[in-house]
Amino acid sequence: MTTALPPGLAQRAPGAAPFFSAREQEILRAVATAAIPPGRILPGVSEETLHRVALLVADLPAPVQAGYRALLWSLDAAALASRRTRFCQLTEDGRRQVMALLERTEVSRLALRGILSFVKLAWVDDRAVYAALGCRFAVDPPAAAEQPRWWRQVTPGEELPHGETLECDVVIVGTGAGGAPLARELAGRGLAVLMVEEGPYLTRRDFSGRPMEMMRRMYRRAGVTVALGNAAIPIPLGCGVGGTTLVNSGTCFRAPESVLASWRRDLGLVDFTLERMTPFFEQVERELEVGPSTAEALGVPAQVVARGCQRLGYAHHPLLRNAPGCDGQGLCCFGCPTDAKRSTNISYVPLALDRGAQLVTGLRVDRVVVHGETAVGVEGVVRAPGGDRHVTVRAKAVVLACGSISTPALLLSQGLANASGEVGRNLSIHPAAGGMGLFQEETRAWNAVPQGTCIDEFHDEGILFEGATAPLDLAVLSSAGWGPRWVEFLEQFPRSVVFGFLVKDSSRGRVTAGPGGQPLITYWLGQEDMRRVRRGLGILSRVFMAAGAHEVHLPIAGRAPLRTLDDVTAFEHAPLAARHVDLTAYHPLGTCRMGTDGFSSVVDDTHETHDVHNLFICDGSTIPGSLGVNPQVTIMAMALRAAEFVTRRVERIYAREAA
Ligand SMILES: Cc1cc2nc3c(=O)[nH]c(=O)nc-3n(C[C@H](O)[C@H](O)[C@H](O)COP(=O)(O)OP(=O)(O)OC[C@H]3O[C@@H](n4cnc5c(N)ncnc54)[C@H](O)[C@@H]3O)c2cc1C
Ligand code: SF4
């Protein structure tokens, strides 16, 4: 029997036809109820869930909508081919058998996952699901506070007229880990600094605590930036004032001396000694109030990991973080609701504005203006309701701080600063993977710092373990299963711990400019790095089991949970291909690498490009190789160091003009 979706919710506009046809609704209902039946405590999918699927799909570009419809029809085709019956005419068990058949080949498995991703998203976006597991659904916005004085220095791009030209000493494009500290430092030295940011200036009143909503608002392309190669590896990026620091976990590491030594030895970057860099690291740590979280904020997940490590004799410790006063709200990657995390929107950007810098938000720079061989400004576009507005900034020095993916894409779309051919090459990403342990005890991981503790026993091997707890909706979305066993697994969420690791990669990828200047990212994970991924997953499973886990779920397609140490040993000896592991990466680096010559590098050791005078790059893209640790402190320290060179350049220009 078919029940039409109630009008309104499932319609694109009042009076419009329902989004899905009657047959499509039938197939959707049939697959959704088979995938998410009611569990012991969790509700199954409801008609409300199906309305939300319609709303989600209706929000997508037309070709993707058509693709989703085609996927639904493919279920009918699969049922007719294998059972000679339409999918929705099968019993619930019969439908699950067809779905299990689809799991057997890679393409149909991905198709099924595509259909179910939307069903899962729509299902979990429900207070009843959160209440059943005892999780918090959303956070209440704080009371409106008086706006600080520096807020007057912020201009939303829509307020600028079309064709506006702005002037300054230094224009800094991007307000993340590279751009914001440099802006603060230059403004403090009395230069007229203009920061330009493509994204909006969000504050804690915008942070709803709903991860999926916040991903749409705070992440570039709603978090869907992916490197393609022998695996599809998501590389999420922040887009807003604060850049990726706005969405990061707040972990703070200095670049290890062994890495700095390799820069000096292999790349001739002789200024990068510990003596020279330590004052900058100390300054960043002081200004970001870096320290460990309290045991209370670290919560049960940290205790569980510590217990496993103690039993195995592995070195472990609380991570240093830039979040003084953090009480473990567990939402660092979706907008810290208490402003405890001193991302650059809370720290360096206000400090820069307080010292007289200006900030324009919502302005996407798409061109560096170059006269002869000298950068003299940038041009960009504001997307405003009445149509695009073009804005020009004239400056004595231009700093690109758009991050390791956007900076090379911008340069490549213009064919700029690339005599070496190195722009976009040399991409390292710190491939990351994680796993979930299920325990008898309540862990309530959502009430703790998501990434507060680390295992550094294997750092010399290029594997660094750090917590990586995901909120419920992301855990739902990222776990591949469906059906009654999947629901049973989810019901154990309050007794789960997620932990992960990053690999100091030797593989390298590349960013090229795609249509409309959009970056295309390719990355092939080499065998040595894949060996580290497998070793990391094995160690992680052993730590969980030593801590008392009765099941370990690894992010590997089709892999049954590990329940014994024999299962772990079998996993460690089984072949594992990159495409079978759900890898992610959070630290793209190196695509405009620093070096001493214009043949093998893009910028010199003052951050100025070899090819274009007065054009500086100051973000993760200049870091010449994989760090093996989280990079924000290194990027910030390098930005503070760069301030001296940019200042000198501007002073020289003024001196020349005065002569
Ligand atoms: C989920 C997550 C967790 C992380 N956790 C940690 C952690 O715990 N510790 C750590 O050290 N690192 C962490 N990182 C990484 C870290 O935050 C980044 O390495 C760092 O912020 C990169 O700094 P950046 O200056 O290179 O770029 P970003 O910080 O990304 O800043 C670039 C800015 O430029 C803007 N921009 C880009 N193009 C344009 C344009 N054309 N016009 C105008 N503006 C533009 C962007 O919107 C953005 O605001 C994490 C990353 C992620 C995604
Ligand atoms: S755990 Fe919560 S309070 Fe602490 S930094 Fe993260 S979001 Fe902020």
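Just follow the structure's listing: the first ligand is 1, and inside any ligand the first atom is 1.
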side-chain contact (heavy atoms from CB on, under 4.5 Å) between Leu411 and Leu615: does it pass, once the steps are laid out?
CA-CA 11 Å; Leu411 291 176; Leu615 176 61; 4.2 Å; yes
Tell me which protein heavy atom sits closest to [atom], plus the residue, atom name and distance to 0.1 Å.
| atom | answer |
| --- | --- |
| atom 20 (C) of ligand 1 | Ala177 CB, 3.8 Å |
| atom 31 (O) of ligand 1 | Gly176 CA, 3.5 Å |
| atom 49 (O) of ligand 1 | Glu197 OE1, 2.6 Å |
| atom 16 (C) of ligand 1 | Asn248 ND2, 4.0 Å |
| atom 21 (O) of ligand 1 | Thr244 CB, 3.4 Å |
| atom 27 (O) of ligand 1 | Gly403 CA, 3.5 Å |
| atom 10 (C) of ligand 1 | Asn630 CB, 3.3 Å |
| atom 41 (N) of ligand 1 | Val365 O, 2.9 Å |

Is the number of heavy atoms from other residues, nucleotides or ligands under 6.0 Å of Glu296 CD greater than 12?
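Open.
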Under 3.5 Å between any N/O of [X] and any N/O of ligand 1: does that happen in this structure?
| X | result |
| --- | --- |
| Gly620 | yes |
| Ser621 | no |
| Gly240 | yes |
| Val173 | no |
| Tyr219 | no |
| Leu237 | no |
| Gly178 | yes |
| Gly250 | yes |

For Glu185 and Tyr348, what are the C-alpha separation, side-chain angles and deciding distance, and is it a side-chain contact (heavy atoms from CB on, under 4.5 Å)?
CA-CA 9 Å; Glu185 203 58 25; Tyr348 283 116; over 6 Å; no
The test is side-chain contact (heavy atoms from CB on, under 4.5 Å); show your working for Asp605 and Arg641 and say whether it passes.
CA-CA 10 Å; Asp605 66 352; Arg641 175 182 169 276; 4.2 Å; yes
[options]: member with heavy atom nearest to [atom]:
| atom | options | result |
| --- | --- | --- |
| atom 37 (C) of ligand 1 | Gln451, Arg220, His430, Met195 | Arg220 |
| atom 13 (C) of ligand 1 | Met636, Met638, His587, Arg321 | His587 |
| atom 11 (O) of ligand 1 | Gln632, Arg367, Glu466, Met218 | Gln632 |
| atom 33 (C) of ligand 1 | Gly157, Gly179, Ala401 | Ala401 |

Of all the atoms in ligand 2, which lie at a distance below 4.0 Å from a heavy atom belonging to Asp327?
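Under 4.0 Å from Asp327, ligand 2 has these atoms: 3 (S).
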Please could you name the atoms of ligand 2 that Arg321 approaches to less than 4.0 Å, counting only its heavy atoms?
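Listed by number with element, the hits are 5 (S), 6 (Fe).
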Looking at ligand 2, would Pro337 count as a contact under a 4.0 Å heavy-atom criterion?
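In this structure, Pro337 qualifies as a contact of ligand 2 - some heavy atom is under 4.0 Å.
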Heavy atoms only, cut-off 4.0 Å: how does [X] contact ligand 1, side chain, backbone, both, or neither?
| X | value |
| --- | --- |
| Pro588 | neither |
| Cys239 | both |
| Ile635 | side chain |
| Leu363 | backbone |

Need the ligand 1 atom indices (1-based, order shown) with element for anything under 4.0 Å from a heavy-atom of [X].
| X | result |
| --- | --- |
| Gly243 | 29 (O), 31 (O), 48 (C), 49 (O) |
| Thr251 | 7 (C), 8 (O), 9 (N), 10 (C), 11 (O) |
| Arg364 | 41 (N), 42 (N) |
| Glu198 | 38 (N), 39 (C), 40 (C), 43 (C), 44 (N), 45 (C) |
| Ser406 | 37 (C), 38 (N) |
| Gly174 | 33 (C), 34 (O), 35 (C) |
| Pro236 | 53 (C) |
| Asp619 | 24 (P), 25 (O), 26 (O) |

Does any N or O in the side chain of [X] come within less than 3.5 Å of the main-chain N or O of [Y], such that one atom is a donor and the other an acceptor?
| X | Y | answer |
| --- | --- | --- |
| Ser404 | Pro588 | yes |
| Lys341 | Ala323 | no |
| Asp169 | Val193 | no |
| Arg205 | Leu202 | no |

Cation-pi check for Tyr523 against Arg508: NZ or CZ below 6.0 Å from the six-membered ring centre and within 45 degrees of the axis, yes or no?
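No - Arg508 does not lie over the ring of Tyr523 by the 6.0 Å and 45° rule.
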I'd like to verify the contacts: list protein N, O or S atoms under a distance of 2.8 Å from atom 6 (Fe) of ligand 2.
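Checking every protein N, O and S atom gives Cys332 SG.
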Please determine whether a side-chain nitrogen of the Lys or Arg among [X] and [Y] lies less than 4.0 Å from a carboxylate oxygen of the Asp or Glu.
| X | Y | answer |
| --- | --- | --- |
| Arg254 | Glu285 | yes |
| Glu422 | Arg593 | yes |
| Glu287 | Arg342 | no |

The test is salt bridge (charged side-chain N to carboxylate O under 4.0 Å, His left out); show your working for Glu198 and Arg220 and say whether it passes.
CA-CA 10 Å; Glu198 181 177 352; Arg220 187 164 293 275; 3.1 Å; yes
Which word best sums up how the rings of [X] and [Y] line up, parallel for under 30°, tilted for 30 to 60°, or perpendicular for over 60°?
| X | Y | answer |
| --- | --- | --- |
| Tyr201 | Trp151 | tilted |
| Tyr219 | Phe334 | tilted |
| Phe253 | His459 | tilted |

Could you walk me through whether Met636 and Thr344 pass the side-chain contact (heavy atoms from CB on, under 4.5 Å) test, one step at a time?
CA-CA 10 Å; Met636 291 171 178; Thr344 59; 3.8 Å; yes
Heavy-atom contact under 4.0 Å between Thr245 and ligand 1?
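Judged by the 4.0 Å heavy-atom criterion, Thr245 does count as contacting ligand 1.
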Throw together a table of side-chain donor-acceptor distances under 3.5 angstrom for residues 172-182, partners on residues two or more places apart or in other chains.
unit_1, atom_1, unit_2, atom_2, d
Thr175, OG1, Glu197, OE1, 2.8
Thr175, OG1, Gly242, N, 3.1

Donor + acceptor pair across side chains of Thr251, Gln451 (<3.5 Å):
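A pair is found: one side chain offers a donor N or O, the other an acceptor, under 3.5 Å apart.
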